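Below you'll find the structure, written out as structure tokens, and then a few comments.
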Amino acid sequence: MTAPRSTTPRKVLGRLSLPERTYVADALRTETVGGVLLLAAAVTALLWANIPALRDSYESVAHFHLGPASLGLDLSLAHWAADGLLAIFFFVAGIELKRELVAGDLRDPKAAALPVVAALCGMAVPALVYTVTSVTGGGSLAGWAVPTATDIAFALAVLAVIGTSLPSALRAFLLTLAVVDDLFAILIIAVFFTAELNFAALGGAVVGLAVFWLLLRKGVRGWYVYVPLALVIWALMYNSGVHATVAGVAMGLMLRCYRKEGEAHSPGEHIEHLVRPLSAGLVVPLFALFSAGVSVSGGALTDVFRSPETLGVVLGLVVGKALGIFGGTWLTARFTRASLSDDLAWADVFAVASLAGIGFTVSLLIGELAFAGDETMTNEVKAAVLLGSLIAATLATVLLKIRNAKYRRLWEDEERDDDLDGIPDVYEEDDPAYHLRLAARYEAKAAEHRRIAQEKAAARHELAEVPGGAGEDHDGPA
């Protein structure tokens, strides 16, 4: 006999499991710190590139070349940041995606449907908005992919300031959404921004990846083995014509992210724990330093709304992202017979969808690739990315602040630990031991209050018997 179908409706954005909640909290803590550094780097780049006395030095540093020309790696610092350092960023993204697929929410097809559909809609609708805007205005379609990416570090930096009480389910949704978004972004880069292929170099990169996978399966350990091999794979991928960051995400996806018996952490979790601070704290801020240095004069900002390409980028990030992610989430709930968590409203989903319109790091990278060779348009698109991200952040701030009191109550419920065992009470309500611990604590408190009450009563009785107090012989006026 087949088991009867559950009549309990599945909840969208419901409470996370305790292990998933712990992982998300650790990941977001690192990304939030990195996001603050990213903001600082972006502001530094803007000041450096717009202060007349410093502008020339910014250009000189960004275009300073170094690297072995014989290997095709004589690159500018800005180029090293975009093609070299960002490979580390995508390496971490690959590990995150692999972990989600084998140990996180994405391992369950029903749970995976929500972030995957939301991410796909959150990329398709901005691309459509850009295309319609650009075609209507007679502009170029080359930048259709620019507004499709979400910058998780930047978004979490905003959350660190305005959304400290945001429920963990919404934070996890944003994180998972960004991980899936990163995967599709790297696929877009690999498929649409590969002009010419060097099949010899590409074949060498594939062989290197196969060796990398084989060493992992054999259990070979030691950074001195993998780091040199990774550098060789990256160099071959770069020279193949495929964007070098593809090498990073490919190696990340190869790591084992499930635990074997006796392991406290899987190899993927261990390496991610080591590399994530490097990615969030150094790699992404350095990329921002060399990519965000564009002119932001009043005239340049006004021109953003006059050019169909740049207007398409702004509308794609602000309007397309919000509508795409919100629509994808609603459609998933509608056609899978799921319902939104009782603690949340659809306005919360729209606020987070608006926050996903912050498309800084990967959008800047795609902008450079889409308009390579046209420095003027590249800078205008970068300015549009900055402006669109700022508008999206402002809109999300307003929407999240409106619901902040509700979030604070939810957060307090999630964090309450009345039995003081280090585990939030919401995860122990079905555990008899939890209720016994609480009963013991309340009984101890009751005993303490009874003792205090007895002491107070005794003190009052003694005071009433003190000579000179009110009585028959002393009932006259003072």
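Count residues from 1 along the sequence. Note that the structure is a prediction, hence the values are computed from the model and not measured.
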Rounded to the nearest 0.5 Å, what separates atom [atom1] in [X] from atom [atom2] in [Y]?
X    : Y    : atom1 : atom2 : value
L387 : L317 : CG    : CG    : 9.5 Å
L77  : H63  : CG    : NE2   : 10.0 Å
L386 : L364 : CG    : CG    : 6.0 Å
W48  : E59  : CH2   : CD    : 10.0 Å
E380 : E309 : CD    : CD    : 8.0 Å
F350 : L355 : CZ    : CG    : 12.0 Å

Ring centres under 6.0 angstrom apart ([X], [Y]):
X    : Y    : answer
H79  : Y238 : yes
W144 : Y130 : no
W80  : F290 : no

Worksheet entry | Steps toward side-chain hydrogen bond (donor to acceptor under 3.5 Å, both in side chains) verdict (W346, T329) | CA-CA 10 Å; W346 284 108; T329 305; over 6 Å; no

Response to the item:
L255 and K98 have their tightest heavy-atom pair at O-NZ, 2.9 Å

Worksheet entry | Closest approach of A82 to L365 (non-hydrogen atoms, all atoms of both residues) |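 Distance-wise, the nearest heavy atoms are CB-CD1, 4.0 Å.
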
Can you tell me if [X] has over 12 outside heavy atoms packed within less than 6.0 Å of its [atom1]?
X    : atom1 : answer
W213 : CH2   : no
R221 : CZ    : no
H65  : NE2   : yes

Discussion item. Quick check on side chain to side chain contact (heavy atoms under 4.5 Å, CB included): which of I186, V92, L97, I95 does V249 satisfy it with?
Written reply: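 With V249 as partner, I186, V92, L97, I95 yield a single side chain to side chain contact (heavy atoms under 4.5 Å, CB included), made by I186.
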
Is the closest side-chain heavy-atom distance between [X] and [Y] below 4.5 Å?
X    : Y    : result
D348 : F173 : no
S140 : F371 : yes
L399 : S354 : yes

Item to complete: Say whether K321 and T150, considering side chains only, have a donor N or O and an acceptor N or O under 3.5 Å apart.
Response: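 Judged by distance alone, the side chains do pair up.
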
Worksheet item: Under a 4.0 Å N-O cut-off, is there an ion pair linking R256 with E263?
Response: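 Between E263 and R256 there is a salt bridge, with a charged N closer than 4.0 Å to a carboxylate O.
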
